[in-house]
Amino acid sequence: MTVTGPVPAASLGAVDAHDHLFLRTPALPGDEFDDLERSTAEALEGRASGIGTIVDMTPIGLGRRPDLMRAVSKATGIPIIGATGYHRDAHYRAGHWVYDASVATLADRIVRDLEVGMHPADWDDPDAPPDAARAGAIKAGASYHHASEAERRRLEACAIGGRRCGVPILVHTEIGTFGHEIVDTLTAFGVAPHRIILAHLDRNPDAELHAEIASRGVYLEYDTMGRTKYRPDSELLDLIEHVVTAGHLDRLLLGQDIGRRSMLRAYGGGPGMRYLMETFVPRVRRRIGDGATDAILVANPARVFALEGPA
Ligand SMILES: [Zn+2]
């Protein structure tokens with residue numbers, strides 16, 4: 001399900017499985033981006049680099065803009081999959097409704113985003129009519145080595161939405177921690193492992209741990225390429241090679257997770273949205289070959305982002 005309507009999963013091409021076109025969060029003051037022209041220019045560079053589809057994982061309350069996502073998609077020709085769901089606590093100011101809402105309300109807002117159309121103002125104005133764009137994935141979040149009580153309730157709401165609407169749930173892990181526990185929590189709420197994606201696991205590049213989690217049937221989404229302040233890309237290449245060698249090629253996804261204005265070329269920063277395909281993927285191809293690389297970029301996302309019936 002893209003922001004301009006349903007498309008065949010086999011037509012997605014190379015998928016940037018976790019990125020952002022518009023974002024605003026109290027956790028990153030001064031690094032918000034919300035300019036249609038600049039985000040369109042950035043997406044055009046991404047398209048020219050070889051990205052076939054962008055999954056915009058901006059959830060409720062973080063500056064998600066369904067109308068502008070539709071505009072970028074129409075201007076660039078790039079299919080964009082939008083998200084609903086909720087991030088971890090750090091991205092919501094004290095007193096935000098996501099802390100106090102019941103699981104039923106949290107889940108209902110997810111389901112409406114998925115079935116009717118994304119709310120244009122994230123329920124800060126509950127009466128605003130829904131946008132035409134439906135969400136096609138759910139974002140959730142946990143904290144460093146734990147999930148707060150409020151994060152647990154939001155995970156439950158995400159599980160309800162995911163089961164009912166047959167979409168995958170991508171969970172933010174903080175520094176790659178708490179992966180097994182997130183899978184335990186979501187599966188206890190009835191989510192099938194193959195509908196769970198753990199993001200940012202590569203912040204903790206522990207190949208043994210990743211192989212263990214992947215063997216549960218869960219997808220691993222890596223997105224720290226170009227984060228040179230944390231580690232060189234060669235370490236991420238080593239990690240991919242190890243996890244593939246351990247037999248888990250069919251569980252890997254790549255995204256760029258550009259979450260700061262300072263990372264976008266159109267806003268005067270870098271490395272920009274072209275980095276994945278232009279700089280990183282050629283090195284992946286040299287490491288593991290074209291067939292395995294295409295599995296990660298094309299076949300795996302086509303499988304995980306395809307809509308399923310209710311679970
Ligand atoms: Zn993200």
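In this text, all values refer to a predicted model and were calculated from it rather than measured experimentally.
- At least one donor-acceptor pair under 3.5 Å links the side chain of His146 to the backbone N or O of Tyr144.
- Looking at heavy atoms from C-beta onward, Arg227 lies in side-chain contact with Asp257 at the 4.5 angstrom threshold.
- No single ILVMFWY cluster, assembled from side-chain heavy atoms under 4.5 Å apart, contains both Ile160 and Val98.
- Using a 4.5 Å cut-off on side-chain heavy atoms (C-beta onward), Arg154 and Asp89 make contact.
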| message | As a quick check of understanding, evaluate side-chain contact (heavy atoms from CB on, under 4.5 Å) for Leu236 and Ile240, giving each step before the final call. | response | CA-CA 6 Å; Leu236 180 50; Ile240 291 170; 4.3 Å; yes
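- For the pair Gln256 (side chain) and Leu276 (backbone), a donor-acceptor distance under 3.5 Å is present.
- Here the straight-line distance linking atom SG of Cys158 with atom CG of Leu106 works out to 8.5 Å at 0.5 Å rounding.
- With Asp113 contributing its side chain and His119 its backbone, the two residues share a donor-acceptor pair below 3.5 Å.
- The main-chain N or O of Phe280 is never found under 3.5 Å from a side-chain atom of Asp233 such that the two would form a donor-acceptor pair.
- Between the side chains of Glu151 and His172, no donor-acceptor pair of N or O atoms lies under 3.5 Å.
- Between Ala90 and Ala27 the shortest heavy-atom distance is O-CB, 3.7 Å.
- For the pairing with Thr84, the side-chain contact (heavy atoms from CB on, under 4.5 Å) check across Arg134, Arg64, Lys139 returns one residue only, Arg64.
- Taking the six-membered ring where the residue is Trp, Tyr86 and Trp97 present perpendicular rings, their angle passing 60° and hence far from 30°.
- For the pair Leu114/Val167, a side-chain contact is recorded, criterion being any heavy-atom separation below 4.5 Å from C-beta on.
- Side-chain contact between Arg231 and Arg203 is present, with heavy atoms from C-beta onward closer than 4.5 Å.
- A distance of 13.0 Å separates OG1 of Thr40 from CZ of Arg47, quoted to the nearest 0.5 Å.
- Looking only at distances, a side-chain donor or acceptor of Glu42 sits under 3.5 Å from a matching main-chain atom of Arg265.
- In the hydrophobic cluster analysis, where Ile, Leu, Val, Met, Phe, Trp and Tyr join through side-chain heavy atoms closer than 4.5 angstrom, Val218 is grouped apart from Val55.
- Aromatic ring pairs are classed by plane angle as parallel below 30°, tilted from 30° to 60° and perpendicular above 60°; the pair His210 and Tyr222 is tilted.
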| field | Chi angles and distances behind the side-chain contact (heavy atoms from CB on, under 4.5 Å) call for Arg285, Thr293 | value | CA-CA 6 Å; Arg285 292 190 182 283; Thr293 303; 3.7 Å; yes
| said: Would Arg216 and Asp184 count as a side-chain contact (heavy atoms from CB on, under 4.5 Å) here? Give the steps. | reply: CA-CA 10 Å; Arg216 300 179 70 176; Asp184 292 344; 2.6 Å; yes
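- You'll find the side chain of Asn204 stays beyond 4.5 Å of the side chain of Thr177, heavy atoms only.
- Here the side chain of Tyr92 pairs a donor or acceptor atom with the backbone of His87 at under 3.5 angstrom.
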| said: With side-chain contact (heavy atoms from CB on, under 4.5 Å) as the criterion, how do Asp16 and Leu254 come out once you've worked through the C-alpha distance, each side chain's angles and the decisive distance to 0.1 Å? | reply: CA-CA 6 Å; Asp16 175 356; Leu254 293 177; over 6 Å; no
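- Under the 4.5 Å side-chain heavy-atom criterion for grouping Ile, Leu, Val, Met, Phe, Trp and Tyr, Met57 is not connected to Ile196 through any hydrophobic cluster.
- Side-chain contact of Glu32 with Thr25: a donor-acceptor pair under 3.5 Å is absent, judged by distance alone.
- Residues Ile78 and Leu21 fall within the same hydrophobic cluster, defined by Ile, Leu, Val, Met, Phe, Trp and Tyr side chains chained together at heavy-atom separations under 4.5 Å.
- Within the 3.5 Å criterion, the main-chain N or O of Tyr99 finds a donor-acceptor partner in the side chain of Arg153.
- Side-chain contact between Val7 and Leu12: present, with at least one pair of heavy atoms (C-beta onward) separated by less than 4.5 Å.
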| task | Determine, step by step, whether His18 and His200 satisfy the ring pair (Phe, Tyr, Trp, His ring centres under 6.0 Å) criterion, reporting the C-alpha distance in whole Å, the side-chain angles of both residues, the deciding distance to 0.1 Å, and the verdict. | result | CA-CA 10 Å; His18 180 164; His200 325 311; 5.2 Å; yes
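- The OG atom of Ser39 sits 8.0 Å away from atom CG of Asp34, with the distance rounded to the nearest 0.5 Å.
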| message | Assess the residue pair His145 and Glu181 against the criterion (side chain to side chain donor-acceptor pair (under 3.5 Å)); give the C-alpha distance rounded to whole Å, side-chain angles, the decisive distance to 0.1 Å, and a yes or no. | response | CA-CA 9 Å; His145 282 297; Glu181 293 86 349; over 6 Å; no
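- Residues Ile54 and Phe22 share a single hydrophobic cluster, defined by chaining ILVMFWY side chains whose heavy atoms lie under 4.5 Å apart.
- Side-chain contact between Arg38 and Arg261 is absent, with no heavy-atom pair separated by less than 4.5 Å.
- At least one test fails for Arg24 against the ring of Phe33: distance under 6.0 Å to the centre or angle within 45° of the axis.
- Between Gly117 and Pro130, the closest heavy-atom pair is O-CB, 3.6 Å.
- The structure places OG1 of Thr53 at 12.5 Å from CG of Asp19, a figure rounded to the nearest 0.5 Å.
- Not a single donor-acceptor pair under 3.5 Å links the side chain of Asp202 to the backbone N or O of Pro205.
- Distance OH/Tyr275 to CE/Met263: 10.5 Å, rounded to 0.5 Å.
- Under a cut-off of 6.0 angstrom, the local environment of CD in Glu115 is crowded, with over 12 non-hydrogen atoms contributed by other residues, nucleotides or ligands.
- Looking at every heavy atom in both residues, Ala211 comes nearest to Ala246 through CB-CB, 4.1 Å.
- The minimum heavy-atom distance between Thr173 and Ala199, with the atom names listed, is OG1-O, 2.6 Å.
- Side-chain atoms of Arg303 and Tyr219 form a donor-acceptor pair, as typed in the model, at a separation below 3.5 Å.
- No donor-acceptor distance shorter than 3.5 angstrom exists from the side chain of Asp131 to the backbone of Pro120, with no hydrogens or angles considered.
- The side-chain heavy atoms of Val284 and Leu237, taken from C-beta on, include a pair separated by under 4.5 Å.
- Because its NZ or CZ atom is not both nearer than 6.0 Å to the ring centre of Tyr267 and within 45° of the ring axis, Arg260 does not count as a cation-pi partner of that residue.
- Minimum heavy-atom separation, His242 to Ala207: CB-CB, 3.7 Å.
- For the residue pair Ile169 and Leu186, the shortest heavy atom distance occurs at CG2-CD1, 4.3 Å.
- The CZ atom of Arg274 sits 9.0 Å away from the OG atom of Ser49 when rounded to the nearest 0.5 Å.
- Between the side chain of Glu221 and the main chain of Leu253, no donor-acceptor pair closer than 3.5 Å is present.
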